[in-house]
Amino acid sequence: MSFALLRRGGVYVFLSIATFLSVFPFYWMAVGATNQSPDIVRGKLGFGGNLLVNFQHLMTQVDLPRVFGNSFFIAVVSTLLTLIVSSLAGYGFEMFRSRIRERIFQLLLLLLSIPFAALMVPLFVMISRAQLNNTFTAVILPGIASIFIVFYFRQATKAFPRELRDAARVDGLKEWQIFLFVYMPTMRSTYAAATIIVFMNAWNNYLWPLIVLQTPDNKTITLVISTLTAAYTPDYGVILLATVLATAPTLVIFFVLQRQFVQGMLGAVK
Amino acid sequence: MTSLSLKGIRKSYGSLPVIKGVDLSVDSREFVVFVGPSGCGKSTLLRMIAGLESITAGELEIGGKRMNDVDPSKRGIAMVFQSYALYPHMSVRDNMGFALRFAGKPKDEIARQVNEAARILELGPLLDRLPAQLSGGQRQRVAIGRAIVRHPDVFLFDEPLSNLDAELRVHMRIELARLHRELQATIIYVTHDQVEAMTLADKIVVLREGEVSQVGTPLQLYDDPNNLFVAGFIGSPKMNFLSGEVVDAGAGTASIALVNHGGVRLTKPIGGPLPRKGEMVTLGIRPEHFGVAGAGTDLTLAVDVAEHLGSTTYVYANGGGERLIIQREERHMGDSDTIAVSIPSEAALLFDSAGKRLR
């Protein structure tokens, strides 16, 4: 038995453990959604026949279409606005020369290190003063100028050929037309990757919606799942079913844009 | 087609001047090539004509109209870029029609123009392909097609062949010459390849460090360079340079001693001001102008390498620390370690210590 073979075996064992750790929670979640709460607590690992009952219980406790609608609205609008604002900023930072450009950008990167918890209270005060409390606008607005996504687009824009912009200028396009008709289609893999990141963030967002959304009508899926766990005897079957349903859209988005996502990630570091 | 003129054109980035006052006129239908080493400002000058770089000082006129502050799309120019700059998400057809679409031309007019350009460039079967599905040469033709459909007054080419392999470059060079004849277009073409410049140009502008070193037809520059830089830059293989010292000057002639070749003398008639006795000069001679020994000032050189190209042979030889290239028509040079050549006085060019030609 050679060293190389041993090493290869070791790599396979490591990867198997990593795969198990990654996949098992999803499996357990899916299994749990089909079982009764006591079975789940006992650690049953096989699929059960309680899916429809769990679904009925979930529907009686939660206005599912409304909650999903809220989450979708917030995630989709957040994603669209974040992509527009942040990609414009990233394009601008990379394309336009200015003496203070790098200073401003460094300042932005510095701001990235401030944790959200430190910004939460002042942000809430601002939102309240603007009388946006308990509105979707309050959830969406603070996130649309995402420094991370601006940084991501700026890095990706470094790979955007300058001569394309020059060619478009000679062809008679204004700067906004270059952005819309040349830059955006050329950078679609970057947009795809950013879509996944932003959509997932917006969909999974918990803390900020918890603070600014008060009435049940406005609750998102993450807030609702947390209320399900708050019961005296939580029904884990119902909770896990809700979790499966909440995970589905992000998985769909990921698998639809997966190829573009990988290309976009590669492009960003090239 | 339209003429173009540059008067005292300057460009600075902050306090750094990159174009230091260029005066030039380009006649209608002329093929003008900007040539020079990397960093000499030739691409910057082209981009200033295109409107992609601002003009710090001076006047740019195209067709008699001042164009300094006019939008690139309204200057009547079309540009072909080194990297082709094709829009990757658009088909060849859409790439070629893109400018016309933004100019508000009707669809049937765009289709007609695109088809006409495709016919000229033999791009018909490729019209529905994406740039990624084309070879380098095909992409280059699409880039040229995109320029043609706009019917510009002036075509601007920025090193358009430098990304192609050697064989394709020769082919595209011939295509460009044909296109120029067919379109009767005014063309300004940037290259660092002096073979391209020599073969394509009606007029060559040699640039050096942001200034025009010399303007002339290819053969004028080859036969009659104004300075050492142009003499060395134009011609392949390069002109040979030998160090000399003026040992006598008077009565319209200067006698030069070749200091690295045992002080052998060459007497050169000079029409203009004569150099001073004792002044160091440079003597230039093209590889094909060396004569057989005994016909002028003779040199005996040690042969380093002989390159047999079939119709001609280049002998790389050393003498007194100077490496010289000699062109010979004989196919068999023998295995001799030395070669004896002569420098005919009428073929030798003389440059003063500042590199300026002494005529």
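First the proteins, then the strands, lettered A, B, ... as listed; each starts at 1. Small disclaimer: the values here were computed from a predicted structure and weren't measured.
Listed here is the closest heavy atom pair of B:Y84 and A:E163: N-OE1, 4.3 Å. B:A99 and A:D171 get closest at one heavy-atom pair: CB-OD1, 3.3 Å. Nearest heavy-atom pair, A:G172 versus B:S73, reported as atom, atom and distance to 0.1 Å: CA-CB, 3.2 Å.
More than 12 heavy atoms of other residues, nucleotides or ligands lie within 6.0 Å of NZ in A:K158, so this atom counts as buried by the packing criterion. No more than 12 heavy atoms of other residues, nucleotides or ligands shown are found within 6.0 angstrom of CZ on A:F14. Surrounding CD1 of A:I100 are at most 12 heavy atoms belonging to other residues, nucleotides or ligands under 6.0 Å away. Counted within 6.0 Å of NZ on B:K20, heavy atoms from surrounding residues, nucleotides or ligands total more than 12; the atom is thus considered enclosed. By the neighbour-count criterion of 12 heavy atoms within 6.0 Å, atom CZ of B:R66 is densely surrounded, having more than that number from other residues, nucleotides or ligands. Atom CZ of A:F26 has 12 or fewer neighbouring heavy atoms from other residues, nucleotides or ligands inside a 6.0 Å radius.
Separation of atoms NZ (A:K174) and CG (B:D71) is listed at 5.0 Å; rounding is to 0.5 Å.
Between chain A and the options B:P72, B:A103, B:G51, B:A78, the largest number of non-hydrogen pairs under 4.5 Å is found for B:P72.
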A:T186 and B:Y87: side-chain contact (heavy atoms from CB on, under 4.5 Å), yes or no, with the steps?
-> CA-CA 8 Å; A:T186 306; B:Y87 307 119; over 6 Å; no
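Proximity to chain B is absent for every atom of A:R162, based on heavy atoms less than 4.5 angstrom apart. Interface remark: A:R99 contributes no atoms to any contact with chain B (heavy atom separation under 4.5 Å). Of the two parts of B:I77, the backbone and the side chain both hold a non-hydrogen atom closer than 4.5 Å to a non-hydrogen atom of chain A.
Ring-centre distance between A:F181 and B:F98: not below the 6.0 Å cut-off.
Taking a cutoff of 4.0 Å between a charged side-chain nitrogen and a carboxylate oxygen, A:D166 and B:R47 qualify as a salt bridge.
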